[in-house]
Amino acid sequence: MAKTATYSLIASYTIPSAAASYTFSSIPATYTDLVLVSSPKVSTNQEAVQVRFNSDTASNYSFTQFGGDGSATFSYRASNVTSIYLSNGTSASNFGTGIFHIFDYSNTTTFKTVLGRFSEAAYVAWADVGLWRSTSAINSITLNVSGTSKTLSAGSTFKLYGIEDAK
Amino acid sequence: MAITKATNAGFASNKYNNVSADNYYMEPIAKTLVGSGGTSTITFSNIPQNYKHLQLRTLSKSDYSALAGDDTNNMYFNSDTTYTNYRTHRLNGNGSSATSNTVQSSGVQILAAGQSTRSYTGYTSMFGCGVIDILDYTNTNKYKTVRMLAGSDMNGAGDIAFHSSLWMNTAPITNIVINNSVGNFTQYSRFALYGIRG
């Protein structure tokens with residue numbers, strides 16, 4: 001039997017021109033965790049890229065975050081909200097970065113827990129833990145920008161990896 | 001230009017390793033998925049010594065229900081429970097403020113392996129998580145360094161933690177034990193150990 005990689009690229013996308021959103025769809029249920037690696041730029045400086053699962057736009061999300069902006073630390077909590085923040089983008093030349101873990105994403109018994117660390121070099125470094133209050137298996141991930149009429153900029157990249165189960 | 005190769009052998013060397021996340025450098029070692037009866041302790045023993053680093057990925061819940069909140073899981077290497085052999089520096093966020101401290105005290109959790117949500121009312125189906133990197137775990141010339149990012153969110157409660165930890169022992173790590181300070185791990189808690197080649 002051919003050896004399969006434990007950490008595999010499922011899909012990769014580079015935004016070709018300003019876009020309101022991007023969706024990873026038909027995510028295979030064959031892994032145990034997902035890792036979303038992002039390098040975004042957005043239409044309005046320092047706005048957050050946000051994530052939703054399975055097209056759920058209801059207030060089924062929450063997150064707790066902390067970070068530092070170069071002069072002070074902060075911690076913030078959002079409850080009963082419509083998305084989880086993924087990463088900050090920047091409208092300047094530099095892109096934000098983010099690594100976002102989605103644990104046991106195909107489990108149909110537990111709510112979905114996520115954990116990420118992000119930075120935008122000219123603005124902030126931060127991390128968050130989040131919850132999607134659904135027991136549904138995650139089969140799609142939609143990315144957009146917080147705020148009305150804000151867009152993902154050309155050149156933003158998003159790579160979705162799957163981690164195989166450690167049986 | 002994309003970065004595709006890396007070396008520590010100097011520019012004159014032809015010894016380059018491919019740099020790619022999509023490869024065979026991460027391999028599964030073992031997993032514990034807690035069953036319906038719950039369990040107090042997770043043990044990884046006889047850890048193979050042929051990797052460069054280890055990564056532990058946790059998703060866990062404790063059966064403690066008296067009070068709201070979450071707890072960091074305790075971790076020990078090679079059955080060493082002597083607290084003076086460990087030290088941790090922490091950065092924590094509780095949703096309103098970020099704080100930092102260092103820990104080396106008897107009876108206090110020092111080395112951590114993820115966070116567990118408690119079984120408090122309203123916390124059904126909510127689990128804490130963690131990604132723990134154990135670096136150069138077989139090296140007999142170094143104390144062992146651990147990095148952890150972990151957290152629990154319970155929609156109105158929870159916290160997130162970043163730890164840098166040290167086990168002051170040069171022995172290679174062959175055994176990892178994990179438990180929770182307030183209760184047992186519940187069903188569906190998962191602890192997965194991976195080896196990273198280097």
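Basis for what follows: all heavy atoms, side chains included, without hydrogens, waters or symmetry-related copies. Labels below follow one simple rule: chain letters A, B, ... track the order of the sequence lines, proteins then strands, and each chain is numbered from 1.
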Under 4.5 Å between any side-chain heavy atoms of [X] and [Y], yes or no?
| X | Y | value |
| --- | --- | --- |
| I163(A) | M26(B) | yes |
| S152(B) | V129(A) | no |
| T113(A) | D153(B) | no |
| Y7(A) | Y194(B) | no |
| N155(B) | R133(A) | yes |
| R117(A) | L149(B) | yes |

Looking only at atom types and distance, does a side-chain atom of S75(A) sit under 3.5 Å from a main-chain N or O of A98(B), one as donor and one as acceptor?
->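 A pair under 3.5 Å: no.
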Verify, without hydrogens or angle tests, whether S125(B) (side chain) and T110(A) (backbone) share a donor-acceptor contact under 3.5 angstrom.
->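 No.
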Verify same cluster id: [X], [Y] (apolar side-chain graph, 4.5 Å):
| X | Y | value |
| --- | --- | --- |
| L91(B) | L111(B) | no |
| F111(A) | I138(A) | no |
| V124(A) | F118(A) | yes |
| L56(B) | V146(B) | yes |
| I27(A) | W132(A) | yes |

Chain B interface, residue from Y61(A), F103(A), F63(A), Y76(A) that has the most non-hydrogen pairs under 4.5 Å |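 Among Y61(A), F103(A), F63(A), Y76(A), the one with the most close pairs to chain B is F103(A).
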Going from [atom1] on [X] to [atom2] on [Y], what distance comes out if it is rounded to the nearest 0.5 angstrom?
| X | Y | atom1 | atom2 | result |
| --- | --- | --- | --- | --- |
| M126(B) | S62(A) | CE | OG | 6.5 Å |
| D104(A) | S189(B) | CG | OG | 10.5 Å |
| C129(B) | H101(A) | SG | NE2 | 9.0 Å |
| F66(A) | S96(B) | CZ | OG | 13.5 Å |

Under 4.0 Å between a Lys/Arg side-chain N and an Asp/Glu carboxylate O for R190(B) and D33(A)?
->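 Salt bridge flag = yes for D33(A) with R190(B).
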When you look at N94(B) and T64(A), which way does the side-chain contact (heavy atoms from CB on, under 4.5 Å) test go after all the steps?
-> CA-CA 7 Å; N94(B) 63 4; T64(A) 302; over 6 Å; no
Check the surroundings of atom [atom1] in [X]: do more than 12 heavy atoms from other residues, nucleotides or ligands lie under 6.0 Å from it?
| X | atom1 | result |
| --- | --- | --- |
| N46(B) | CG | no |
| Y188(B) | OH | no |
| Y137(B) | OH | yes |

For [X], is it the side chain, the backbone, both, or neither that has a heavy atom closer than 4.5 Å to a heavy atom of chain A?
| X | answer |
| --- | --- |
| L33(B) | neither |
| T58(B) | backbone |
| T32(B) | neither |
| I160(B) | both |

Would you check, one step at a time, whether the test side-chain contact (heavy atoms from CB on, under 4.5 Å) holds for K31(B) with D165(A)?
-> CA-CA 8 Å; K31(B) 180 189 79 174; D165(A) 198 6; 2.7 Å; yes
Flag the one option from [options] with the top tally of heavy-atom pairs under 4.5 Å to chain A.
| options | value |
| --- | --- |
| G158(B), G128(B), A150(B) | G158(B) |
| I29(B), N92(B), T99(B) | N92(B) |
| A161(B), G156(B), G151(B), S100(B) | G156(B) |

Heavy atoms only: give me the nearest G130(B)-L115(A) pair and the separation to one decimal.
->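 Where G130(B) meets L115(A) most closely, the heavy atoms are CA-CD2, 4.3 Å.
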Interface moiety of V37(A) toward chain B, non-hydrogen atoms closer than 4.5 Å | neither
